Amino acid sequence: MLMSQLYAPTLRETPAEAELVSHQLMLRAGLMRRSASGMYSFLPLGLRAIRKVEQIIREEMNAIGGQEVLMPIVQPAEIWEESGRWAEYGDEMFRLQDRNGRQFCLGPTHEELITALVRSEVRSYRQLPLRLYQIQNKYRDEIRPRFGLMRGREFIMKDMYSFDKDEEGLDKSYWAAFHAYERIFQRCGLEAYPVEADSGAIGGDVTHEFMVLAEAGEDFVLYCDKCGYAANVERAEGVDLPHAGPAQDLQPLTEVATPQVSTIAQVCAFLHKEPRDCIKTLIYIADGQPVAALVRGDHNLNEIKLRKFLGCQVLELADGETIARITGAPVGFAGPVGLEVPLYADYAVESAVNAVVGANKADAHLLNANLGRDFTVKAFADLREIQPGDPCPRCGGVLEGARGIEVGQVFKLGTKYSQAMGATFLQENGVETPFIMGCYGIGVGRTVAAVIEKNHDEDGIIWPVSIAPYHVIIVPVSMKDPAQAEAAEKLYQELLALGVEVVLDDRDERPGVKFKDADLIGFPIRVTIGPKSLEKGEMEIRNRRTKEVQSVPVEKVASAIRKILEAES
Ligand code: ATP
Ligand code: MG
């Protein structure tokens, strides 16, 4: 490819709309352009990187017996009604109607469609296991589309679905996909750590997310260096904390006036207490019924855990009016003593002694509230959000925390969809059984963005060879010098013949401009052809990552490049 022809409009300035480095660089290097919020056009360089990631994914999916299919993006509402997700998916789903008023959606994911496909075709255990995948656009009307490809409303996903005859088969499919994912991210030059996760709207209960640790990540991961436990904060388990500190005598329950003091921080400052001496009382509405959740003052409630524990569909924080009706007090003064709704407490509340709680009365708190004596709870459970410094639930070590980018996720679905949609096969013994399913997704664009997030410097992108849009750029310092132009053209042809993906910068630009573009776009190798070195019969090979420059005799340049590329891919 000639640089003069390449459609890669680079930008000198950082676009104001882009917060993350990866987003800025993808715009600046001319990889893509925004068309609407969360939707992008890929330009040639961006598309080449995307296609390379897709190819790596394809190879690894095929290697575990995956077969590629392509399903429609537009999906009929009926199948989503069968699974119950037409209502459940909510506003994230793009919905549309055809001219006859039939309802459709733009697929946010394809569990329903693949289940409907397979149920009408696969009849016998002899046809299992079956692993089908596709690479295709997905549509989710995200509340906050942002960060470029990280959170788009239209994005490319690889989604695989496995169908097995029993749990043992599912286990094999799951771990095959898990290990394929490890290889895929490694081949893309990414360190992605599998962490235990919550299954969200997809369903099932065994699931791992693959996380790239980065400040730009929207997820938070807790991990233990001692035993290797790692989990998304949504999922990270708490342990029943042993009683901390010396035994205390129970003090008498005392009401104190706390005028306009309602947050934990205000209460602590006012009463000279620590947050851990307080118990927070949160009023929720679970499927229409009020409940109260108690967590220690220095802890946060994890709503996902509460929803799971209660087994409810909809869980919402109660509004001020409801809180006033239930507690008799404005927001900020709820407490467990005398409260007449079911109370659920986090494990850490069990060991609280002489706690500060709201008095269910405006401008008042209670000192020395004690479990058993002053209030009782319906159940204790793991309800809080785990924080760095908390004990590891596996080995008792200390958990650390880091932000992460979720690039992929694997799920054991079991029979959630096959059962609901009547997708069955005949077992060996003739019994009709629902398929045991798994599903496995990778965000292709998000993977490219994560690679850039982890591989760049102040000058631009530093592509790993495996997914670089092109491997090499040849930069003659001046195309006006016939010797340079001729040497450049010769090397260009030589590299093309060797199958190296190469761009010749044939533009009549100052060398500084060409070097800047080369660094910004991030070609792993730059060959500079200057008058002085050429006189000596040499060219310079520069490594984008290390910035090392080697002078190499002209006739050896192509083979030297091939060696570097082989070593790095
Ligand atoms: P998130 O929690 O980030 O919203 P998710 O868990 O809903 O993602 P999955 O349904 O697991 O996403 O989809 C599989 C993969 O698709 C994710 O691991 C991620 O890499 C990618 N992905 C999901 N949503 C988006 C999005 N809005 N933009 C880009 N990639 C996405
Ligand atoms: Mg996910």
Side-chain angles (χ1 to χ4, degrees), residues 20 22-23 26 32 34 36-40 42 46 50 53-54 56-57 61 85 88-94 105-114 133-161 174 177-178 180-182 184-185 188 190 192-214 216-221 231-235 304 403-413 416-417 438-453:
L20 288 196
S22 55
H23 187 192
M26 292 185 88
M32 65 178 197
R34 194 186 94 122
S37 170
M39 311 210 181
Y40 291 87
F42 290 113
I50 292 276
V53 172
E54 291 177 353
I56 290 173
I57 292 175
M61 290 294 104
R85 288 208 294 180
E88 215 177 275
Y89 225 96
D91 291 340
E92 234 183 64
M93 188 184 255
F94 278 104
C105 69
L106 301 182
T109 176
H110 278 70
E111 284 78 16
E112 281 79 0
L113 201 49
I114 195 106
Y133 74 95
Q134 62 173 350
I135 300 177
Q136 190 203 43
N137 283 357
K138 295 282 184 277
Y139 295 82
R140 295 184 186 174
D141 197 358
E142 301 271 359
I143 301 181
R144 255 174 289 139
R146 55 183 175 171
F147 302 152
L149 298 192
M150 291 280 188
R151 186 163 299 282
R153 295 198 296 166
E154 173 183 89
F155 58 96
I156 304 171
M157 195 202 285
K158 183 286 299 180
D159 43 328
M160 180 167 89
Y161 304 89
Y174 185 83
F178 185 101
Y181 277 30
E182 291 180 316
I184 288 165
F185 295 121
C188 292
L190 272 180
Y193 301 96
V195 312
E196 293 179 15
D198 181 70
S199 54
I202 303 275
D205 43 45
V206 177
T207 172
H208 287 87
E209 288 167 339
F210 285 77
M211 290 283 185
V212 174
L213 300 187
E218 292 187 271
D219 283 280
F220 195 75
V221 177
N232 190 312
V233 67
E234 294 178 351
R235 165 80 178 222
I304 293 172
R403 303 201 70 81
I405 301 169
E406 178 202 324
V407 284
Q409 186 164 10
V410 291
F411 300 84
K412 281 191 181 179
L413 295 172
K416 176 175 162 141
Y417 296 92
C439 75
Y440 317 89
I442 292 182
V444 176
R446 195 184 278 183
T447 297
V448 171
V451 166
I452 296 174
E453 214 47 59

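Model, not experiment: these values are computed from the prediction. All values below were derived from every heavy atom in this structure, side-chain atoms included, with hydrogens, water molecules and symmetry-related copies excluded. Read the numbers this way: they start at 1 and go in the same order the structure lists the ligands and their atoms. Numbers here are sequence positions counted from 1.
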Honestly, for T109 the part within reach of ligand 1 (heavy atoms, under 4.0 Å) is neither
Here the N/O/S atom of E406 closest to the Mg ion (ligand 2) would be OE2
For ligand 1, is there an atom lying under 4.0 Å from some heavy atom of D219? no
Check the orientation of Y174 and H208. Use parallel for under 30°, tilted for 30 to 60°, and perpendicular for over 60°. tilted
Ligand 1 atoms nearer than 4.0 angstrom to some heavy atom of Q409 are 6 (O), 11 (O), 18 (O)
Heavy-atom proximity to atom 29 (C) of ligand 1 ranks first, among E218, E234, M150, for M150
Between M157 and G441 the two heavy atoms that sit nearest each other are SD-CA, 4.3 Å
Value for CG (L149) from CE (M26), rounded to nearest 0.5 Å, stands at 4.0 Å
Does ligand 1 come near enough to F411 that some N or O of the ligand is less than 3.5 Å from an N or O of the residue? no
Close N or O approach (G443, ligand 1; < 3.5 Å):
yes
In ligand 1, the atoms that come under 4.0 Å of a heavy atom of V407 are 18 (O), 20 (O)
Using non-hydrogen atoms of the residue, decide whether G408 is closer than 4.0 angstrom to ligand 1. yes
Rounded to the nearest 0.5 angstrom, the OH-SG distance for Y139 and C105 is 12.0 Å
The reported gap from CD in Q136 to CG in D159 (rounded to nearest 0.5 angstrom) is 7.0 Å
What one should report as the nearest heavy-atom pair of E142 and G152 is CG-O, 3.5 Å
Filtering E142, M211, R140 for the heavy atom nearest atom 12 (O) of ligand 1 leaves R140
Going by the 4.0 angstrom heavy-atom rule, the piece of M157 near ligand 1 is side chain
Ligand 1 to G152, heavy atom cutoff 4.0 Å, flagged ligand atoms 26 (C), 27 (N), 28 (N), 29 (C)
Under 4.0 Å between a Lys/Arg side-chain N and an Asp/Glu carboxylate O for R235 and D198?
-> no
Of E111, K138, E406, the residue with the heavy atom nearest atom 8 (O) of ligand 1 is E406
Heavy-atom nearest pair, F411 first then S199, reads CE2-O, 3.6 Å
When R146, R403, R144 are each screened for salt bridge (Lys or Arg N to Asp or Glu O under 4.0 Å) with E218, the one that passes is R146
